[in-house]
Amino acid sequence: MTNICLVTGANGHLGNNLVRALLDKGEKVRASVRNVNYLEPFEGLDCEVVYADLLDRESLSKAMKGVDTLYQVAAERSVNKVVYVSSTAALDYSSVPIDETSWNSDFSNPYYQSKIESEKLALRLAKELDLWLISVLPSGMIGPNCFGHLTPTMEILNAIVKNKLPFDINFHFNYLFIWQRGRDYEN
């Protein structure tokens, strides 16, 4: 039996790089998107592109049929492993060490609120359903295969490089650089 990996949001920056990394490892990949007519991110990739919307349970159920490993959303249909991608925005930076017991309490930002609530839900469901779950909480991501528009992090860096945004050299932020083997990034 061939294992199938489902990557939700596969046309996004992280999702598309994850699809490519899984394909490089020889995995069979099903890439879910909401717009199956926009295929530019998948040109030259040997993956199955399917429709799935997180708000459409039937589309998720169909996309997950036969899936062994799910990347990003809660599990259904006998999925064995879940890799849930969240964000460091879910964590409380004022307590040390920073871990899943110290949640961010800033609900003024809708992005933060969605990451905090969905991270807690993913962990709770994994425990209730006895699922193998790993939660990945990356910080700002930069790198290739960002289609249609720059990510907010890359927009900030672009503005700094173009001298459109002042930058304090004492400011610090963690970045995750997405790198692909065999690519030349010197230019």
Side-chain angles (χ1 to χ4, degrees), residues 1-89 110-111 114-115 118-119 121-122 131 133-159 161-162 175-187:
M1 181 172 99
T2 303
N3 291 334
I4 300 172
C5 299
L6 173 65
V7 177
T8 62
N11 57 344
H13 186 221
L14 174 62
N16 196 259
N17 279 286
L18 178 57
V19 166
R20 292 165 189 271
L22 291 169
L23 290 171
D24 283 349
K25 288 180 65 175
E27 299 286 344
K28 183 172 181 177
V29 177
R30 183 175 296 156
S32 79
V33 297
R34 287 184 293 172
N35 181 357
V36 293
N37 296 317
Y38 179 60
L39 297 175
E40 180 185 354
F42 307 102
E43 288 178 6
L45 300 182
D46 185 20
C47 66
E48 176 187 6
V49 179
V50 300
Y51 169 78
D53 187 323
L54 297 179
L55 300 177
D56 179 351
R57 185 180 201 104
E58 185 176 326
S59 72
L60 284 173
S61 184
K62 187 176 177 182
M64 290 177 40
K65 187 173 184 179
V67 168
D68 177 66
T69 304
L70 171 66
Y71 289 86
Q72 192 167 7
V73 297
E76 292 179 35
R77 289 198 167 263
S78 303
V79 170
N80 297 321
K81 300 175 188 171
V82 177
V83 177
Y84 177 77
V85 180
S86 183
S87 168
T88 57
Y111 176 78
S114 71
K115 291 301 181 183
S118 61
E119 175 79 13
L121 178 61
L131 281 172
L133 172 105
I134 186 165
S135 182
V136 181
L137 291 90
S139 55
M141 293 179 285
I142 56 175
N145 306 311
C146 186
F147 295 90
H149 58 83
L150 293 177
T151 64
T153 301
M154 290 170 62
E155 284 283 357
I156 292 169
L157 291 174
N158 189 42
V161 167
K162 292 186 175 184
Y175 287 97
L176 171 66
F177 180 72
I178 299 170
W179 177 81
Q180 286 184 302
R181 193 173 340 128
R183 302 276 177 134
D184 178 8
Y185 293 111
E186 291 183 9
N187 293 329

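Quick note: residue numbers are just sequence positions, from 1.
For the atom pair CG (Leu18) and CG (Leu23), the distance works out to 9.5 Å, reported to the nearest 0.5 Å. With rounding to the nearest 0.5 Å, the separation of CG in Asp53 from OG1 in Thr8 is 10.5 Å. Atom CD1 in Ile4 sits 13.0 Å away from atom CG in Leu22 (nearest 0.5 Å). Atom CE of Met64 and atom CG of Leu60 lie 7.0 Å apart (nearest 0.5 Å). With rounding to the nearest 0.5 Å, the separation of CD in Glu27 from CG in Asp68 is 8.5 Å. Taking OG of Ser86 as the reference point, atom CG of Leu121 lies at 11.0 Å (rounded to 0.5 Å).
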For residues 39-48, please give each side-chain donor-acceptor pair under 3.5 Å, one per line with the distance, not counting sequence neighbours.
| from | atom 1 | to | atom 2 | distance (Å) |
| --- | --- | --- | --- | --- |
| Glu40 | OE1 | Tyr38 | OH | 3.4 |
| Glu48 | OE1 | Arg30 | NE | 2.9 |

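Residues satisfying the side-chain hydrogen bond (donor to acceptor under 3.5 Å, both in side chains) test with Ser59, not counting sequence neighbours, are none. Applying the side chain to side chain contact (heavy atoms under 4.5 Å, CB included) rule to Ser87 yields the partners Ala89, Tyr111, Lys115; only residues at least two apart in sequence or on another chain are considered.
Checking side-chain atoms of Asn17 against main-chain N and O of His13 turns up a donor-acceptor pair under 3.5 Å. A donor-acceptor pair is defined here as one N or O able to donate and one able to accept, closer than 3.5 Å; such a pair exists between the side chain of Ser118 and the backbone of Ser114.
Of all heavy-atom pairs between Ser135 and Glu119, the closest is OG-OE2, 2.7 Å. Of all the heavy atoms in Ala63 and Val50, the pair that sits closest is CB-CG2, 3.9 Å.
Contact of the Thr69 side chain with the Asn3 side chain is not registered, since no non-hydrogen atoms from C-beta on lie closer than 4.5 Å. Using a 4.5 Å heavy-atom cutoff, the side chains of Val7 and Asn16 are not in contact.
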